Every structure is written in structure tokens, then in C-alpha cells.
Number of protein chains: 2
Amino acid sequence: MDKRAFKDRLYGEFATVAKALANPHRLELVDLLAQAPRRVEELAAEAGMTVANTSAHLQVLRRARLVEAEREGVTVTYRLATPDVFTLWRTLRDLGTRQLAEVDRLVETFLADRDGLEAIDQEELHRRMQDGSVAVLDVRPAVEYEQGHIPGARSIPVDELERHLADLPKDREIVAYCRGPYCVYADRAVRLLSARGFRALRLVDGFPEWQAAGYPVERHGSAANRGTPQRSTT
Amino acid sequence: MDKRAFKDRLYGEFATVAKALANPHRLELVDLLAQAPRRVEELAAEAGMTVANTSAHLQVLRRARLVEAEREGVTVTYRLATPDVFTLWRTLRDLGTRQLAEVDRLVETFLADRDGLEAIDQEELHRRMQDGSVAVLDVRPAVEYEQGHIPGARSIPVDELERHLADLPKDREIVAYCRGPYCVYADRAVRLLSARGFRALRLVDGFPEWQAAGYPVERHGSAANRGTPQRSTT
DNA sequence: CTATTAATCAAACAATCTTTAGAATACTCC
DNA sequence: GGAGTATTCTAAAGATTGTTTGATTAATAG
């Protein structure tokens, strides 16, 4: 094998990873799987695709070793092959956010009223959590909460929020978070809560970013911290 | 615009970035541009492609805002749009290295004798540079050295190494580096030097990784440090 | 064994991507 | 203006990708 053949094949291998991410549907699937492992049907429903098409895309991801599948009886559960896959997706997403004006434009258009919502970042939330001045609210679907959440966070999926307002404090600020910077659940929650007289604000990032930054994480209500928080793993 | 349309378009934008990287030739171009800005012809020659094809691929990268072009007289010089593009490429490459067995196999096959070469990492090189126990050798093409190199490194492109052996010290270890973990120039240099009685070893990473890690960098022989080194920007 | 459910496969088609060859453009030098 | 050079554009062929439809496989329950 000569040098040119070696290079071609090596870059070819790395290109298969990029190819796996080079499709909007597959990026959405990766984004969903970063929240929690899921079955094919669930993924198809969440992403608004047919099951057959979802299955085909999942297999592209699997061939690139970005996701793994596990059969349990009649269902097949997919999960990210390693947390590094989320890191890659986030690196891609953040670069796109900085470089592509169109992303800004889309956010401006669709999340026009987001500017009116108060927001805080991870560092500030972590500080305020420690002095107990805030209540934390996870508004993602329950299955995602169960796979891991910010310690002490209460799980109320956004669609059920209206029914559980009585459980929330009026005397403390409420910080709502969801899947990530482009997830709209937290926006909706903050808007609803504000309208009902709560003091609510949103976390600018989602749970996967919180976890990737090394902040403590809780699972199934039992403490499962990763030690002292360490900022900025990027 | 409804939520589904918003998501589709947002993921679609991010997919354009992944698509730009989803081709072996374009990855090689990004890798080359991470070393130094270059003209189309130079890139085509380095990557073993026709000029027309190189131009076409560069424009895919440009539309995705990963590279920028600047016309200077009759030539057009391309460069990475931001250093973050290298970060994305490295994240992709490192994930591929960890996940794809085929990468390992290719390296084993083509760089079979690499195991016999002594190697050190960035941290250790930085330490040894400070106590003056090593000479550092940049074996990349001169244009790449001129765009930035490890402070105090001597530039001898690997093809000219044999002619300049007299300039190298026999009483100190020589650390050779080149473009990155899969670049073969440093391997060749270390092999040649060892055969001629020098004590030579290779740096496991290349210059772009050194720079991205926050270690000091020098340009055109004049000091241009970035302050104290800070490890691990990943 | 049969029926049921979840997931995958196979075939087909449209759409997109890659490459080449040759033409066209943009600039410089004379 | 004309010649020469670097780059880009155009057109066309060939390969790859994405999606749907309907069939098929794998496991479970009765």
C-alpha cells in the first residue's frame, strides 16, 4: 500500500463518520438518543418519520459506530455508542451556530419571543442551586428524566405542567430546562409559569450539555454524582 | 412556521456542515488548511487531485462557511474560516479513531514499524523543552512552518533532512513533529536520524494539536506566545 | 401452530453528489 | 489591447443516497 492509498482510505474512514451525520433526520435521531435510549417506534414518532425510514437511518448510524442496538424481546433499543458522540454533535452544532447566519435567522423567526424570557447559564444555576434560592424543573418527557437529570430537579413534562402548578413554589425562582439550546419545551414552560404569577426563567442549555460539562447528575431520584463540578469540557 | 418545519430546517442547516465534511477529499483539504492557508493549485498538488475538482470541493466547504477564500491578484488563497473548524475535524477524527476498528487496522498495516519508534506527548515535550534537554525539529514543508511552529523548533522539511544532518546535535535528544497523528513525515525523520546515530523520537501529535491545546506558538522566528500553556481544550 | 407486534429487508425511483473535459472568467504583464 | 495564468463554470456520465411500498423476519402470547 502506498502513501496515497493509505491517506485515501484513512480519510475515507473518517468521512463515513461525517456521512453518518450528514442528514437532518439522522442528526435529530442523535439528538434524541443523547437524551435517552429509545425504541425504533418511539424515535420514528418523535422525529415524525416512518418506522421503515427511521430503521434505515439508524442502521447508517450503526454502521458508522455512532449508535448501538440491543434486542430485548420483540423490541430493539438504540443508544449512543459513547457519550463522545454527543460531544461531536455538539461541536458540529455549535460551529454551525457560529458560522451560519441562517441558524440565527431561524431562531429569531421561530423563537421570536425568547428574548423576553429571562435565562441563566449552567454556572449560575449551579451556584444558585447551592444556596437553595431556586427550584429546578425538568420539562422533558419522563423517560428522559429517568435516564438522568439535574440533582433535585422535579420532573413535570411540559404538557402536564398546567395540571401540576399547585406543586410549584411561589416564593422561589423556578429554573426550567429541557433538551438543549434549541428545545422549545423550557420556553413554553417559562411562558406558562410567568403568566400564572410564578417567577420563572430558563436554562440556556439542556441536560446533555449540563452532564457533558461535568456538573453533578442524578438518576432515578438516587444521588449519582460525578464528584466536584468541573466547567468547560470543550 | 410550525415546530416540525423549524426543526427540519434547523437540523438541515447543521447537516450542511456535516455534509461538507462527508467526503474524503474535503477532509484532506481541511487537514491541509489546518497547517497553512494555500492556493488552489497547491492544494490540488498536495491532495493528488485535479485543479477543477479541488476547486469544486473548496466551494462546498466555502458554502458551509468552513473555509474562506481571498483573491490576491491572479491567485485565490483558501484558509479555515475559524480555528474551530480544526476543532471539529479533530473531534470527528478522534471519535473515528476510537470507534472504527478499520482505522487501527490501516495504521497497523501502513505504519507497521511505528511501534519501534520512541514517542512522547505534548505535555512531556513541553516539560523537556523548558529544561533544555531536547532539540525540536519541524519536518513539515517550509510554508507550514512559517505559519506557526513550536517555539525554538528548527525547520527542516523531511526531504531535505539528509542534507542538513550536520546542523543537528548529537548530544541531545531530537524530537521531530509534523502535521498530526497520522502524518508520516516525523516517522521518516526519526527513522533516518536513528540510523545515522542521532537520538531521535517523535511527537505523537502535530502542530495544530499543539496549538489547539494552548501551548505557546512561535511565528516567523519571532516570539508570539499565547501566555502560559493550558492543557486539554477538548 | 397461528396471530400479533416490532423491526428489517428488497426493490424501485427520484434526487443529489462526484468527477472529468472543455469553455469561460478574472486578473497581470507587456 | 493581447497573451498568459489561475481559477471557476458548464455539461454530462456515473455513483450514491433517501424514501416509499410491500414483503419478510424475529419474538411473544394464546
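Just so we're on the same page: letters track the sequence lines, and every chain starts at 1. Note that these values count all heavy atoms, side chains included, but never hydrogens, waters or copies made by symmetry. None of these values were measured; they are calculated from a predicted model.
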Side chain to side chain donor-acceptor pair (under 3.5 Å) between Glu72(A) and Thr77(A): does it pass, once the steps are laid out? CA-CA 7 Å; Glu72(A) 298 169 73; Thr77(A) 299; 2.9 Å; yes
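To the nearest angstrom, C1' of dT18(C) lies 14 Å from CG of Leu61(B). Distance, Met49(B) CE to dT7(D) C1': 14 Å, rounded to whole Å. One interatomic measurement links the two molecules: CZ of Arg62(B) to C1' of dC9(D), which rounds to 13 Å at whole-angstrom precision. Separating the CD atom of Glu28(B) from the C1' atom of dT18(C) is a distance of 16 Å, rounded to the nearest angstrom. Nucleotide dG4(D) holds its P atom 17 Å from the CD atom of Glu41(B), rounded to whole Å. When rounded to the nearest whole Å, the span between CZ of Arg71(B) and P of dT5(D) equals 16 Å. Leu43(A) places its CG atom 12 Å from the C1' atom of dA7(C), with the value rounded to the nearest Å. Distance Glu72(B) CD to dC29(C) C1': 18 Å, rounded to the nearest Å.
Contact check, Arg26(B) against dT18(C): a side-chain N or O comes under 4.0 Å of OP1 or OP2. For Asn23(B) and dT18(C), the shortest distance from a side-chain N or O to OP1 or OP2 is below 4.0 Å. Within the 4.0 Å cut-off from OP1 or OP2 of dT7(D), not a single side-chain nitrogen or oxygen of Gln59(B) is found. Checking the phosphate oxygens (OP1, OP2) of dT20(D), a side-chain nitrogen or oxygen of Thr50(A) falls inside 4.0 Å.
The aromatic rings of Phe110(B) and Phe6(A) sit parallel to each other, their planes meeting at less than 30°, with 60° as the upper class boundary.
With the nearest nucleotide of DNA chain C identified for both His25(B) and Gly73(B), His25(B) has the one nearer the 5' end. Comparing Lys19(A) and Tyr78(A) along DNA chain C, the residue whose closest nucleotide (by nearest heavy atom) sits nearer the 5' end is Tyr78(A).
When heavy atoms are screened at a 4.0 angstrom cut-off, Val51(A) is found touching base atoms of the nucleic acid. Using a 4.0 Å heavy-atom cutoff across all strands shown, Thr54(A) reaches no nucleic acid atom at all.
Checked for salt-bridge contact, Arg4(A) and Glu28(B) meet the test: a charged N lies under 4.0 Å from a carboxylate O. Ionic pairing of Arg39(A) and Glu42(A) is present here: one or more N-O contacts between side-chain nitrogen and carboxylate oxygen are shorter than 4.0 angstrom. In summary, Arg26(B) and Asp31(B) do not engage in a salt bridge, as defined by a charged side-chain N under 4.0 Å from a carboxylate O.
Here the side chain of Ser55(A) is nearest to one of dA7(C), dT8(C), dT19(D), namely dT8(C). The nucleotide whose nearest atom lies closest to any side-chain atom of His57(A) is, among dT8(D), dG18(D), dT20(C), dG18(D). Across dT20(D), dC27(C), dA7(C), the shortest atom-to-atom separation from the side chain of Asn53(A) is found for dT20(D). Among the nucleotides dA7(C), dA26(C), dT8(D), the one closest to the side chain of Val74(B) is dA26(C). Comparing dT5(C), dG22(D), dC9(D) by their nearest atom to the side chain of Ala52(A) picks out dG22(D). Comparing dT7(D), dT20(D), dA7(C) by their nearest atom to the side chain of Val76(B) picks out dT7(D).
Ring centroid separation for the pair Tyr11(B) and Tyr182(A) does not come in under the 6.0 Å cut-off.
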